Protein chains: 2
Amino acid sequence: MKAENKHTKIISAATKVFAKKGFFTARISDIAKEAKVADGTIYLYFNNKYDILLSVFEEEVGKIVENTEKLLSAEYDPRKQLEIFASQHLMAMKKNRYLAEVIQIELRQTHKVIKEYRDNKFSKYVGIVAVIIKHGQKTGIYRPDIKPDLAKRAFFGALDEISRVWNASLETNYSVEEIVTQMLSIFLTGIQIDPANLPE
Amino acid sequence: MKAENKHTKIISAATKVFAKKGFFTARISDIAKEAKVADGTIYLYFNNKYDILLSVFEEEVGKIVENTEKLLSAEYDPRKQLEIFASQHLMAMKKNRYLAEVIQIELRQTHKVIKEYRDNKFSKYVGIVAVIIKHGQKTGIYRPDIKPDLAKRAFFGALDEISRVWNASLETNYSVEEIVTQMLSIFLTGIQIDPANLPE
DNA sequence: ATTACATGAATGAATGACCATTCATGTTTT
DNA sequence: AAAACATGAATGGTCATTCATTCATGTAAT
């Protein structure tokens with residue numbers, strides 16, 4: 001069994017354990033057990049507990065960002081781009097529910113190292129939405145009075161909350177397609193029957 | 001100095017400390033110091049650390065829910081109701097940034113007691129949005145094909161993410177009015193210039 | 001091809017720091 | 001002078017991390 005293999009095993013065990021117990025409640029011995037290695041072995045591959053969490057972010061979120069950017073580069077219609085972002089994000093979250101939970105919960109922690117990671121790498125991911133909106137404004141599809149920085153947060157926040165509840169399985173589970181359809185229809189045309197009726 | 005007073009002092013000290021350090025990293029002695037009481041005194045008012053966090057939720061979130069419901073009951077237009085929910089939520093988050101951070105971060109923890117609290121009490125708060133949307137559908141203002149349970153998550157998630165970034169002060173800080181205007185305009189009429197142009 | 005030696009990955013018991021919680025003692029109120 | 005309240009040092013349990021030891025595999029010497 002190769003070293004790289006063990007590294008990967010630890011990462012995915014950690015993802016699962018962090019999702020189940022949360023970063024602070026998770027014990028190194030839990031991760032070791034899940035990965036079927038000795039406690040000490042973990043320290044041959046990672047410096048400490050935070051390093052494991054950051055590696056999870058780095059490697060797994062990295063894949064998502066790459067994938068999203070690749071898919072988007074092949075599409076020019078800003079409406080389709082928003083659709084791609086949404087469905088790709090939801091699919092990624094559905095594919096690995098443990099990773100989803102770690103991203104949704106642990107990535108918010110106040111701790112310095114996590115904050116830094118979030119502020120740098122993760123912001124870029126959310127920033128993709130702002131890029132799409134600006135592009136749409138340039139091509140005359142999106143309203144110029146929409147502030148991309150606000151809209152990107154609204155769009156991402158909506159997706160994030162929907163997929164969070166998804167994992168918590170609190171409510172009816174809609175399919176990716178249903179969610180994307182509703183999300184796009186809300187964001188593109190709003191929830192009012194006839195926008196012309198909107199007072200002043 | 002009355003007992004009730006000390007209880008309150010500990011709650012608000014805890015809110016501040018939890019916001020700054022996060023629940024798990026916060027020490028009881030930090031809270032005691034911030035509240036200017038002895039460590040042991042805290043245990044005269046709360047059973048344990050989790051009890052403090054839950055009390056913060058109970059008491060502070062309780063106030064927000066009450067306030068929102070009161071304000072909403074005086075308004076009948078579903079569009080105005082959505083506006084009231086948004087502005088009231090944002091104002092509450094702005095009023096006490098420590099509380100906001102605790103709600104946005106600590107309320108998401110995987111821990112059983114927190115999960116339960118969120119699933120019961122907090123869901124009701126978010127549920128208000130679904131009620132508004134259903135009301136709007138009945139009165140013919142909102143599109144009947146919109147799923148209230150999805151839309152409520154989208155609306156709340158958008159608000160939540162915007163106010164979260166607000167506190168993290170990562171980006172330009174928009175005012176409550178600006179955000180409400182943009183949010184309502186996005187959710188009511190969408191971000192497209194002319195919805196009629198939307199392909200099929 | 002058997003034996004002797006070397007390597008470093010893997011182990012898991014032991015260490016030590018940290019902190020929630022308790023409680024013997026002091027202080028204030030009635 | 002009780003009762004009620006408050007204190008903060010001491011306790012005990014919980015892990016993250018370390019490191020002496022084991023063991024499987026490889027290389028060299030006979």
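What you see is a predicted model, and the numbers here were worked out from it, not measured in a lab. The chains referred to below are lettered A, B, ... by the order of the sequence lines, with proteins before strands, and numbering in each begins at 1.
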Report the nucleotide, chosen from [options], that has the shortest atom-to-atom distance to any side-chain atom of [X].
X     : options                : result
A:T41 : D:dA16, C:dA10, C:dA20 : C:dA10
B:N48 : C:dT21, C:dA20, D:dA16 : C:dT21
A:K49 : D:dT17, C:dT11, C:dA20 : D:dT17
B:L44 : D:dA16, C:dT21, D:dA6  : D:dA6
B:D39 : D:dG8, C:dC19, D:dA16  : D:dG8

Row check, B:F23 ring normal vs B:K49 NZ/CZ: under 6.0 Å, within 45°: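 Yes, a cation-pi geometry holds between B:K49 and B:F23.
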Short side-chain donor-acceptor distance under 3.5 Å, B:T15 and B:E60: no
Distance-only polar pair, side chains of A:H111 and A:E106, donor-acceptor under 3.5 Å: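 No, no side-chain donor-acceptor pair sits under 3.5 Å.
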Output the rounded distance in Å from [atom1] ([X]) to [atom2] ([N]).
X     : N      : atom1 : atom2 : value
A:F23 : D:dA16 : CZ    : C1'   : 10 Å
B:N47 : C:dT21 : CG    : P     : 9 Å
B:K21 : C:dC18 : NZ    : C1'   : 12 Å
A:I42 : D:dA16 : CD1   : P     : 10 Å
A:H7  : C:dA10 : NE2   : P     : 13 Å
A:L53 : D:dA16 : CG    : P     : 13 Å
A:N5  : C:dA9  : CG    : P     : 15 Å

Single hit among B:Y142, B:F85, B:F155 for ring pair (Phe, Tyr, Trp, His ring centres under 6.0 Å) with B:F187: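 Of the listed residues B:Y142, B:F85, B:F155, the ring pair (Phe, Tyr, Trp, His ring centres under 6.0 Å) partner of B:F187 is B:F155.
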Stretch residues 30-38 of chain A: residues that reach within less than 4.0 Å of DNA chain D through a heavy atom: none
Stepwise side chain to side chain contact (heavy atoms under 4.5 Å, CB included) test for A:H135 and A:Y76: CA-CA 9 Å; A:H135 168 57; A:Y76 230 68; 3.7 Å; yes
Side-chain N or O of [X] less than 4.0 angstrom from OP1 or OP2 on [N]?
X     : N      : value
A:Y45 : C:dA10 : yes
A:K6  : C:dA10 : yes
B:Y43 : C:dC23 : no

Compile the donor-acceptor pairs under 3.5 Å between side chains in residues 122-133 of chain B and protein atoms, sequence neighbours left out, one pair per line.
residue, atom, partner, partner atom, Å
B:S123, OG, B:R118, O, 3.3
B:S123, OG, B:D119, O, 3.0
B:Y125, OH, B:H89, ND1, 2.7

Side-chain heavy-atom pair A:R27, A:K33 within 4.5 angstrom cut-off: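 A side-chain contact is absent here, since even the closest heavy-atom pair is not under 4.5 Å.
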